[in-house]
Each structure stands twice: as structure tokens, then as C-alpha cells.
Amino acid sequence: MLYYKLKIIKAGQLLYKEGLVDARAGNISVRLDGRVLITRTGRHVGELSLEDIIELPLYGESVLEKRASSEWVVHREIYLQTSHRAVVHAHPPKAVILSMSLDRIEPIDSEGKALLSSIKVLPDYPSGSLELARAVSEELKNSKLVVVRGHGVFSVGNDPLEGYSLISVLERSCHILLS
């Protein structure tokens, strides 16, 4: 479990260092069988500590849910509907800018085309809502990235560093598109 908590902390540091989240945005989780490790609500993801990562049951309720990220319902639904092991949610500025006018983000750089292909932009559902959770999890059944209009990106992978890396590539591709 410590191994995965350290991966969450490292992913948070990288997200913040690259400007993919601000001090109070973003969240990260990892599924471990019937349990989920998720970042605490309101925590600075660039400065996470071991105590900022909460363990919740994937099935059933917990009193600790109030302390978990406000996007817990989205993370949980992704795990319930897919086989993904990690979820990273960030607010990369250039991807958010493009989401305001596009229904799909189509990278034109070689790395973006090879690693990302085409990324769907979902409507702007309310943060932390079941409606958002269902739409995001449905898209992530066949993709590793989805953008929510005006909000941010949800990425999945085998661990949080894979999710982070896809968001990093997306943001670079968006920078190129905007140049």
C-alpha cells in the first residue's frame, strides 16, 4: 500500500510542477482490489503527504468519504465500470481552453497522434455529480483520456504515473494546437 501512496504523491508533484493543476485542484486514486486510495479533498496535490491519501471501500459506504476528493463519485464509477487501476484528474489550462470550442481534441504532433489519438470532449456536467461520473466512465471504457468542457481531464492507467504522463502529453499537444 505504501508503494501506491508514494506513486500518488509523485504524480501529484509532477502535475503541479508542470502546471497541470493549481494549488487546490486535481485528484488521484488507485484501485487495490475492493479498496481505493484517493487524495483528500482540498489538499494541494503538489504537496501531498501519506496522511493526505484516504483508503475507502470500492463497494459500500464509509464515514471517510466526506474527507475524500469531491470527485470520489467519478473515481468510484470509473472503477465500477472499467478494469482501470488508477485515475488522475487534472485541469490543464490549454486542454480546458480547447474544450470550450471543440468536441474532440485531435493532436497534430507526432507524439500526441501516436499516444493519444483523438480525445472526446464531454459536456460540462456538474463537478462530482453522478451524471459526470456516468459520462466519464462510459468514455473511459474505450479510451484512456477524456476532457470535460471547461473543467478538466480524467485519465486512467495501470498506475498514477501513467495517468499523469498522458495528461502531460495532451497538454503539450494542446499547446501546439494553440500556437
Side-chain angles (χ1 to χ4, degrees), residues 7-8 10-31 38-39 44-46 69-179:
K7 285 214 171 210
I8 289 171
K10 181 65 175 174
Q13 291 168 343
L14 292 168
L15 287 167
Y16 184 72
K17 181 179 178 183
E18 288 190 32
L20 302 172
V21 294
D22 61 38
R24 304 238 341 153
N27 36 77
I28 306 165
S29 70
V30 174
R31 173 174 48 189
I38 189 165
T39 51
H44 187 313
V45 295
S69 167
S70 60
E71 297 287 8
W72 162 238
V73 67
V74 180
H75 289 250
R76 175 188 252 163
E77 191 69 16
I78 291 167
Y79 293 134
L80 291 174
Q81 300 301 323
T82 74
S83 61
H84 299 301
R85 307 262 320 150
V87 176
V88 178
H89 174 53
H91 302 170
K94 292 172 179 67
V96 171
I97 289 167
L98 285 174
S99 78
M100 302 303 282
S101 61
L102 299 175
D103 292 327
R104 294 195 83 78
I105 296 175
E106 308 275 351
I108 58 174
D109 60 299
S110 61
E111 186 176 21
K113 285 195 284 189
L115 295 174
L116 307 178
S117 185
S118 173
I119 302 96
K120 184 170 184 171
V121 176
L122 296 174
D124 181 18
Y125 296 107
S127 293
S129 68
L130 189 55
E131 187 178 29
L132 174 64
R134 289 179 176 152
V136 168
S137 64
E138 184 63 31
E139 183 60 25
L140 292 177
K141 287 179 180 178
N142 300 305
S143 178
K144 287 198 167 200
L145 272 172
V146 64
V147 179
V148 179
R149 182 163 284 122
H151 180 152
V153 176
F154 286 89
S155 177
V156 292
N158 290 320
D159 68 42
L161 294 175
E162 181 182 356
Y164 145 75
S165 69
L166 292 171
I167 294 171
S168 179
V169 171
L170 173 64
E171 184 68 351
R172 184 173 184 281
S173 293
C174 290
H175 177 79
I176 291 167
L177 286 166
L178 288 167
S179 296

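Along the sequence shown, residues carry numbers from 1.
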Restricting to pairs with a member in residues 152-179, which pass ring pair (Phe, Tyr, Trp, His ring centres under 6.0 Å), not counting sequence neighbours? His89-Phe154
Closest contact, heavy atoms only, Val156 versus Ser143: CG2-O, 3.9 Å
What closest approach, in Å, do Tyr79 and Ser29 show between heavy atoms, and which atom pair accounts for it? OH-OG, 2.6 Å
I'd like to know if the side chain of Ser99 and the backbone of Gly150 have a donor-acceptor N/O pair within less than 3.5 Å. yes
Which heavy atom of Gly19 sits nearest to which heavy atom of Pro93, and what is that distance? O-CD, 3.4 Å
How close do Gly128 and Glu71 get, heavy atom to heavy atom, and via which atoms? N-OE1, 3.0 Å
Donor-acceptor contact present, side-chain Arg149 to main-chain Val121, <3.5 Å: no
Step by step, would you call Lys7 with Val30 a side chain to side chain contact (heavy atoms under 4.5 Å, CB included)? CA-CA 9 Å; Lys7 285 214 171 210; Val30 174; 5.9 Å; no
From Leu145 CG over to Ile167 CD1, what is the distance, rounded to the nearest 0.5 angstrom? 6.5 Å
Heavy-atom donor-acceptor pair, His75 side chain to Ser69 backbone, under 3.5 Å: no
Give a yes-or-no answer on whether the side chains of Asn27 and Thr39 include a donor-acceptor pair shorter than 3.5 Å. no
Measure the spacing between CD of Glu171 and CG of Leu178 and express it to the nearest 0.5 Å. 8.5 Å
Any sub-3.5 Å donor-acceptor pair from Arg172's side-chain atoms to Gly112's backbone N or O? no
Non-hydrogen atoms of Ser118 and Glu106 that approach each other most closely: OG-OE2, 2.8 Å
Separation between CG of Asn142 and NZ of Lys120, rounded to the nearest 0.5 Å: 10.5 Å
Look only at the side chain of Ser155 and the backbone of Val88, and say whether a donor-acceptor pair between them is shorter than 3.5 Å. no
Is the backbone of Asp159 close enough, under 3.5 Å, to the side chain of Arg85 for a donor and an acceptor to pair up by distance? no
Could you go through His91 and His151, starting from their C-alpha distance and side-chain angles, then the distance that decides it, and tell me whether this counts as side chain to side chain contact (heavy atoms under 4.5 Å, CB included)? CA-CA 7 Å; His91 302 170; His151 180 152; 3.6 Å; yes
Could you pull out the closest heavy-atom pair between Glu77 and Ser137, with the gap in Å? CG-OG, 3.4 Å
